[in-house]
Amino acid sequence: MDLRAHARIDLDALRGNVVALRAKAPQSAFMAVVKADAYGHGMVPCARAAREAGAGWLGVATPEEALALRAAGLDGPVLCWLWTPGGPWRACVEAGIDVTVSALWALDEVVAAATAAGRPARVQLKIDAGLGRNGAQPADWPALTAAARAAERAGRVRVTGVWAHFSCADEPEHPSIAAELAVFRTALEQAAEAGLTPEVRHIANSPAVLTLPEAHFDLVRPGVAMYGISPVPQLGGPADFGLRPVMTLTARLASVKRVPGGHGVSYGRQYVTPGETTLALVPLGYGDGVPRHASGTGPVLVAGKWRTIAGRVAMDQFVVDLGGDVAEPGDTAVLFGPGDQGEPTAEDWARACGTIAYEIVARVGARVPRVHTGVA
Ligand SMILES: *Cc1c(COP(=O)(O)O)cnc(C)c1O
């Protein structure tokens with residue numbers, strides 16, 4: 001491949017991950033979370049592959065993402081959850097997208113949109129079980145469920161789901177987990193008392209799919225694990241959970257040259273060559289999503305060995321010191337991949353940069369082409 005750089009997206013691995021995750025929650029429906037361009041992996045191809053592997057539902061954050069799935073021909077259940085006033089409620093109602101409502105203002109807007117569209121909206125109600133983002137506070141839940149039930153009786157909405165999101169599911173011993181499950185169960189009871197009959201009740205993200213069977217309910221909602229990244233790296237890597245990383249980020253060396261000792265490398269001369277050596281230039285930088293925090297610490301496989309980025313990551317490029325080793329312009333540098341060819345993983349990058357692997361893959365920029373393999 002003669003691209004400057006590309007992210008190879010292994011859709012066979014993604015399908016395998018969906019199958020592995022479905023086996024962890026065999027009684028529950030499966031929602032493939034494909035928000036944020038499928039965590040950087042390309043939303044539409046990943047959504048198609050997930051559906052092929054048995055994901056009945058697709059989940060995204062914004063209504064624009066949901067509408068883009070429909071525009072690409074993905075039908076079937078789609079849920080979105082991040083709304084602001086004046087959002088494209090009517091387009092979503094007309095497209096049969098499930099919309100999430102956490103407050104009365106949003107219910108009012110969706111009822112108005114359904115009235116204008118002349119068909120009922122599919123609405124899922126969200127309770128704030130403790131995360132403190134969206135979701136109705138427990139004190140406001142009876143009023144929200146009663147209003148939703150009234151709108152349902154009036155034929156404006158159909159309440160298809162009730163859901164919540166954990167704050168600390170990636171720390172399986174955390175006391176908040178039991179507390180949030182209790183809030184969720186109470187909210188489900190109150191919704192039933194209000195006369196609501198949701199098809200799906202759900203709270204499980206990737207860590208809960210893997211470690212909390214009691215949280216599986218009617219549907220599970222994994223994201224990062226589907227991309228082959230462990231959501232609980234302290235408990236095990238992807239292979240320990242039957243998962244395989246989907247993204248491999250590579251670039252081709254843009255320059256290889258000998259330099260004398262004492263030569264500065266990149267802005268600020270944070271790295272100075274300890275002796276005569278060979279420098280290789282990797283044409284990816286923070287403009288492509290390589291964290292600037294990886295300066296002097298990010299790992300990369302070049303000429304058969306792990307190297308550490310020499311000096312600062314710039315907008316478009318960074319440098320590695322090959323020491324006495326040999327490489328040619330055009331040779332491949334692997335930033336991260338599954339790890340079984342000796343390359344670093346996204347988790348290695350996360351550790352080097354003080355972040356989580358979610359961010360490493362999701363931040364890969366639009367300038368990096370995604371090359372999907374295993375397209376059905
Ligand atoms: C992102 C997200 C998920 C998926 O989380 P993972 O930890 O990637 O599995 C599930 N539900 C909601 C509401 C989300 O925002």
Side-chain angles (χ1 to χ4, degrees), residues 14 17-18 20-22 24-25 28-41 43 46-47 50 55-66 69 77-83 97-102 106 124-136 161-172 174 176-177 180-181 183-184 187 200-212 215-236 238 241-243 245-247 346-347 350 355-363:
L14 187 145
N17 295 338
V18 171
L21 291 165
R22 285 178 67 207
K24 303 273 185 204
S28 306
F30 189 96
M31 178 183 290
V33 177
V34 294
K35 65 189 182 188
D37 202 27
Y39 295 43
H41 295 67
M43 182 174 72
C46 289
W57 286 76
L58 299 172
V60 289
T62 71
E64 289 78 12
E65 291 173 314
L69 287 170
V78 171
L79 173 68
C80 62
W81 51 73
L82 193 57
W83 287 86
I97 291 163
D98 286 51
V99 302
T100 299
V101 163
S102 300
Q124 300 208 11
L125 300 180
K126 184 174 182 195
I127 176 84
D128 180 0
L131 179 60
R133 300 196 318 201
N134 249 323
V162 173
W163 66 277
H165 196 40
F166 281 117
S167 62
C168 306
D170 57 339
E171 300 171 53
H174 201 283
S176 67
I177 292 172
E180 291 174 9
L181 272 173
V183 173
F184 185 50
V200 286
R201 298 161 295 175
H202 49 105
I203 189 169
N205 54 357
S206 293
V209 176
L210 295 178
T211 69
L212 277 174
H216 290 173
F217 292 92
D218 303 313
L219 176 149
V220 295
R221 242 178 28 231
V224 82
M226 194 174 64
Y227 305 104
I229 290 169
S230 172
V232 280
Q234 76 280 24
L235 299 184
F241 298 107
L243 305 171
V246 172
M247 183 187 292
E347 184 59 36
T355 183
I356 54 176
Y358 289 72
E359 187 185 1
I360 296 297
V361 291
R363 64 183 294 149

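As the structure is a prediction and not an experimental result, all values here were calculated from the model. Positions are given from 1 along the sequence. Counting convention: from 1, in listed order, for ligands and their atoms alike.
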Using a strict cut-off of 4.0 Å, indicate which atoms of ligand 1 neighbour a heavy atom of Y39. 1 (C), 4 (C), 5 (O), 6 (P), 8 (O)

Does any N or O in the side chain of D218 come within less than 3.5 Å of the main-chain N or O of R201, such that one atom is a donor and the other an acceptor? yes

Less than 4.5 Å apart, any side-chain heavy atom of V34 and any of L69? yes

Given the options L58, V200, V60, L79, M31 meets side chain to side chain contact (heavy atoms under 4.5 Å, CB included) only with L79

What atoms of ligand 1 come within less than 4.0 Å of a heavy atom belonging to R133? 15 (O)

Please state which protein non-hydrogen atom is closest to atom 7 (O) of ligand 1 and give its distance, to 0.1 Å? Y358 OH, 2.6 Å

Please list, in number order, the atoms of ligand 1 under 4.0 Å from a heavy atom of R221. 3 (C), 4 (C), 10 (C), 11 (N), 12 (C), 13 (C)

What are the two closest heavy atoms between I203 and F166, and how far apart are they? O-CD1, 3.6 Å

Which value, rounded to the nearest 0.5 Å, describes the distance between D128 atom CG and F184 atom CZ? 12.5 Å

Would you compute the distance between atom CE of M247 and atom NE2 of H41 and round it to the nearest 0.5 angstrom? 4.0 Å

Check whether any heavy atom of H202 sits under 4.0 Å from an atom of ligand 1. no

N or O pair under 3.5 Å between G223 and ligand 1: yes

Among non-hydrogen protein atoms, atom 9 (O) of ligand 1 lies closest to S206 OG, 2.5 Å

Quick one: CE on M43 to NZ on K35, what's the gap to the nearest 0.5 Å? 13.5 Å

Side chain to side chain contact (heavy atoms under 4.5 Å, CB included) with P222: which of L210, L21, N17? L21

Per atom 15 (O) of ligand 1, closest listed option by heavy atom (M31, K35, H165): K35

Judged by non-hydrogen atoms, does P231 sit under 4.0 Å from ligand 1? no

P222 heavy atoms, cut-off 4.0 Å: which ligand 1 atoms fall inside? 9 (O)

If the cut-off is 4.0 Å to any non-hydrogen atom of W163, which atoms of ligand 1 fall inside it? 13 (C)

